[in-house]
Amino acid sequence: MRIDIITVLPEMIEGTLNCSIMKRAQEKGLAEIHLHNLRDFCSDKWKRVDDYPFGGEAGMVMQIEPIDRAISFLKSQRTYDEVIYTSPDGEKFSQPIANSMSLLNNIIILCGHYKGIDHRIREHLITREISIGDYVLTGGELAAAVMSDAIIRLLPGAIGDEQSALSDSFQDNLLAPPVYTRPAEYNGWKVPDILLSGHERKIDEWKLQQAIERTQRLRPDLLDK
Ligand code: ADE
């Protein structure tokens with residue numbers, strides 16, 4: 001899978017995308033993430049990407065031309081399944097969306113900034129708008145990094161133990177059960193006996209029951225889905 005991220009601040013996410021599972025997935029050839037500086041697609045020598053809004057509102061608006069040039073350049077190289085725009089007014093990102101995006105071959109993520117982007121880009125070039133939550137970030141870079149992480153860890157082979165991505169919280173609308181490791185007792189704090197019993201079926205039942213109990217207590221809204 002290939003993710004092309006168009007941004008005015010590539011340095012904001014460069015490090016994040018080259019750590020941990022995202023780094024490993026790229027090294028294994030499972031994923032490619034390419035950062036493109038929007039300013040490289042400006043036709044003027046000042047590398048200007050924004051301008052004042054028509055109608056006199058406060059704040060600056062990202063202009064059509066550099067974005068159109070960046071997207072057209074990428075589209076001339078390969079076919080894209082989605083051209084995503086990160087925006088607080090987009091569809092709320094979720095595990096099912098990450099799951100479905102992990103099946104795509106090529107996606108572009110355009111990071112928003114300033115007051116937003118010229119609306120004609122959204123009408124003519126963007127295929128999907130995604131928000132990572134009901135709060136406003138300075139720009140879409142962190143949203144692009146969050147989405148890339150959630151998608152790439154699902155690619156077969158990205159995580160050592162593939163089962164572990166399937167048993168994540170939200171994969172079945174349940175929060176994950178608690179996990180423990182050695183020592184079995186610390187300061188008198190004990191690991192639940194059942195986990196040390198070696199009885200696989202009973203352990204699975206316990207995990208499910210814990211997952212349901214935690215979801216009922218912490219995120220009852222998930223059980224309505
Ligand atoms: N850009 C600014 N805020 C955002 C959010 N919550 N999600 C995605 N992109 C954004």
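In this chain, numbering begins with 1 at the start of the sequence shown. Atoms within each ligand, like the ligands themselves, are counted from 1 in listed order.
Among the atoms of Ile132, some N or O lies under 3.5 angstrom from an N or O of ligand 1. Considering backbone and side-chain atoms together, Leu137 places an N or O closer than 3.5 Å to an N or O of ligand 1. Note: an N/O pair closer than 3.5 Å links Gly133 and ligand 1 by distance alone.
For the ligand labelled ligand 1, residue Asp134 lies outside the 4.0 Å heavy-atom shell. The closest approach between a heavy atom of Ser87 and any atom of ligand 1 is below 4.0 Å.
Under the 4.0 Å criterion applied to side-chain N and carboxylate O atoms, Asp204 and Lys202 are not assigned as salt-bridge partners. With respect to Lys92 and Asp134, a salt bridge is recorded, a charged nitrogen being found less than 4.0 Å from a carboxylate O. Ion pairing of Arg120 with Asp68 is absent here, as no side-chain N (NZ or NE/NH1/NH2) approaches a carboxylate O to less than 4.0 Å. Salt-bridge formation is not detected for the pair Asp44/Lys47: no Lys NZ or Arg NE/NH1/NH2 atom is positioned less than 4.0 Å from an Asp or Glu carboxylate oxygen.
Among all protein heavy atoms, the one lying closest to atom 6 (N) of ligand 1 is Tyr135 O, 2.8 Å. Atom 1 (N) of ligand 1 has Pro88 CD, 3.6 Å as its closest protein atom, hydrogens excluded (heavy atom only).
Against a heavy-atom cut-off of under 4.0 Å, Val136 is close to the following atoms of ligand 1: 3 (N). Heavy-atom proximity to Ala143, at under 4.0 Å, picks out these atoms of ligand 1: 8 (C), 9 (N). Close approach of ligand 1 to Ile130 is summarised as follows: ligand atoms under 4.0 Å from at least one heavy atom of the residue are 8 (C).
Residue Asp221 places its CG atom among more than 12 non-hydrogen atoms of other residues, nucleotides or ligands, all under 6.0 Å distant. Residue Glu213 places its CD atom among more than 12 non-hydrogen atoms of other residues, nucleotides or ligands, all under 6.0 Å distant.
Side-chain contact check for Asn105 and Tyr80: no donor-acceptor pair (N or O, by modelled atom type) lies under 3.5 Å.
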